[in-house]
Amino acid sequence: MNHPQRDQHDGDRGAPTEAVRAAASRPGDGTRAVRAGLPDPVKNEPPLPGPVFAAHFHLPGAVEGPYTYGRDTNPTWTLLERAIGELEAPGQDGVDTVVFASGMAAVSAVLLSQTRAGDTVVLPDDGYQALPLVREQLEAYGVHVRTAPTGDDAQLAVLDGARLLWIETPSNPGLDVCDIRRLAEAARAGGTLVAVDNTLATPLGQRPLDLGADFSVASGTKGLTGHGDLLLGYVVCRDPRLAAAVRRWRKIVGAIPGPMEAWLAHRSLATLQLRAQRQWANALAVAEALVDRGEVAGLRYPGLPSDPSHEPAARQMRGFGSVVSFTLPDRAHAERFMAALQLVEDATSFGGVRSTAERRGRWGGDAVPEGFIRFSAGAEDTEDLVADVLRALESAAAGA
Ligand SMILES: *Cc1c(COP(=O)(O)O)cnc(C)c1O
């Protein structure tokens with residue numbers, strides 16, 4: 001990251017103090033978010049150059065990069081990839097980021113580019129609902145798949161001889177948490193690669209590469225971009241050789257983000273810290289409001305000190321995310337609750353500035369009770385959001 005202004009000021013005032021030097025080498029999350037991936041300032045140019053719409057680039061004579069054909073590279077991706085890398089792995093050299101058309105494109109790119117027939121992959125059995133579809137595809141290609149739950153680091157018991165361990169923490173939608181560092185150390189000792197799905201936490205909430213993972217993978221559709229208006233995915237790799245394989249996979253499959261999406265995503269990153277702080281605080285407030293409700297069972301939020309995941313989460317997370325999950329007595333009760341909410345949209349996905357919730361069981365893909373609600377706190381005023389949730393709970397209870 002560049003700090004031209006800061007350097008100049010330091011020069012003006014003589015030698016920088018220790019505090020200034022420390023801040024310049026370790027800028028805070030807000031500072032990193034607003035500057036992430038920006039090019040060096042160029043007179044008369046915008047701070048964040050607009051999207052480059054190009055299928056091909058002028059290429060007379062010898063084939064030389066960086067920009068040749070639009071499926072391989074695009075300047076708008078370059079800036080976004082740099083930005084995401086700065087957030088996921090600040091100050092780490094050799095880290096490389098590859099952006100994709102969606103989170104699933106990124107997930108599939110890692111799982112399918114890193115495994116061959118005969119390899120073994122360890123997946124969580126309580127992960128994102130499309131993971132079982134990837135599992136079927138891996139098995140169709142001759143890859144062996146083992147699964148174990150996220151909670152209690154249960155994947156440790158099935159690591160032996162695996163090529164790749166796939167971790168999702170906090171898990172979606174159950175919000176269980178595992179100890180990334182512990183699993184990564186065990187995996188590394190056995191020569192197993194480690195990928196972490198970091199969608200729920202966002203890079204401000206958790207940095208898997210710092211905790212020993214080889215890949216941090218996420219859907220940028222959710223909290224990273226936060227406005228519910230685009231799909232995006234990314235893979236951050238510790239090692240350029242791993243990144244090259246992931247990039248090659250993107251070229252083969254062609255699962256590339258459009259320039260407009262990439263640019264919108266980069267624009268959204270400037271407010272990531274602001275959004276995350278408000279949304280995480282709102283999620284905690286909603287969870288606290290639900291703690292003593294008689295009709296609420298199975299309340300989960302890793303930020304609640306009473307949550308079964310709190311201890312491992314507090315060790316490795318810098319924020320606990322925007323998602324709260326809980327179970328109402330039955331399907332009809334949950335449907336009345338959903339219908340009574342006024343500030344919370346009934347929609348899937350999460351991490352957006354407008355609160356959303358859904359009765360997760362309506363999809364049929366997750367092992368959740370009929371009354372299970374996945375709630376994503378937005379950036380509304382905390383009092384308004386909590387009041388809406390409590391009013392909807394009263395209304396749902398009265399309608400029984
Ligand atoms: C949404 C999600 C994905 C998939 O992302 P898309 O952008 O919808 O393809 C992967 N993992 C987790 C944990 C998710 O929540």
Side-chain angles (χ1 to χ4, degrees), residues 80 84 88 97-112 121 123-135 137-138 147 149-151 155 164-178 180 195-203 205-206 208 213 215-236 246 249-250 253-258 261-262 264-265 268 276 279 283 300 302 309 313 317 320-325 347-352 356-358 360 363 365-368 372-377:
L80 176 62
I84 292 172
E88 282 275 353
T97 303
V98 189
V99 288
F100 284 89
S102 68
M104 281 315 297
V107 169
S108 302
V110 172
L111 284 165
L112 295 169
V121 169
L123 299 178
D125 64 15
D126 51 356
Y128 183 61
Q129 62 169 353
L131 265 190
L133 304 177
V134 185
R135 173 190 185 155
Q137 199 59 49
L138 286 167
T147 65
T150 298
Q155 287 175 309
L164 181 84
L165 165 65
W166 188 268
I167 293 172
E168 185 180 310
T169 181
S171 61
N172 170 20
L175 302 179
D176 270 327
V177 169
C178 60
I180 297 174
V196 177
D197 185 326
N198 204 29
T199 303
L200 208 137
T202 81
Q206 179 169 276
F215 304 92
S216 182
V217 186
S219 168
T221 311
K222 317 287 173 56
L224 184 83
T225 60
H227 292 69
D229 53 9
L230 62 87
L231 281 99
L232 188 88
Y234 67 81
V235 179
V236 186
V246 169
W249 185 265
R250 181 177 67 180
V253 176
I256 57 169
E261 282 75 8
L264 278 171
S268 302
Q279 291 179 233
R300 296 300 303 268
S309 289
M317 299 183 78
F320 301 108
S322 65
V323 180
V324 178
S325 60
T348 194
S349 199
F350 58 85
T356 56
E358 71 171 334
R360 191 64 181 172
W363 291 90
D366 301 300
V368 293
F372 183 97
I373 302 285
R374 188 182 69 182
F375 188 101
S376 173

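Values reported hereafter were calculated over all heavy atoms of this structure, with side chains retained and with hydrogens, waters and symmetry mates removed. Numbering of ligands and ligand atoms starts at 1, following listing order.
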Show the numbers, then the answer: is there a side chain to side chain contact (heavy atoms under 4.5 Å, CB included) between Asp176 and Asp126?
CA-CA 9 Å; Asp176 270 327; Asp126 51 356; 4.1 Å; yes
For ligand 1, run through the N/O pairs with the protein that fall under 3.5 Å and put one pair on each line.
residue, atom, partner, partner atom, Å
ligand 1, 5 (O), Ser219, OG, 3.1
ligand 1, 7 (O), Gly103, N, 2.8
ligand 1, 7 (O), Ser219, OG, 2.8
ligand 1, 7 (O), Thr221, OG1, 2.6
ligand 1, 9 (O), Gly103, N, 3.1
ligand 1, 9 (O), Met104, N, 2.8
ligand 1, 11 (N), Asp197, OD2, 2.7
ligand 1, 15 (O), Asn172, ND2, 3.0
ligand 1, 15 (O), Lys222, NZ, 2.7

Can any side-chain N or O of Thr150 pair as donor or acceptor with the backbone N or O of Cys178 at less than 3.5 Å?
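Here the side-chain-to-backbone pair does not exist.
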Asn172 side chain vs Leu200 backbone, donor-acceptor pair below 3.5 Å:
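Pair absent, no side-chain N/O of Asn172 close to backbone of Leu200.
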Could you tell me which non-hydrogen atom of Thr202 sits nearest to which non-hydrogen atom of Gly223, and how far apart they are?
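Smallest heavy-atom distance, with atoms named: CG2-C, 4.1 Å.
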Going by atom types alone, do Thr348 and Arg360 pair a side-chain donor with an acceptor below 3.5 Å?
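There is such a pair between these side chains.
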Decide side chain to side chain contact (heavy atoms under 4.5 Å, CB included) for Glu261 and Thr225; before the verdict, give the C-alpha distance in whole Å, the side-chain angles of both, and the deciding distance to 0.1 Å.
CA-CA 10 Å; Glu261 282 75 8; Thr225 60; over 6 Å; no
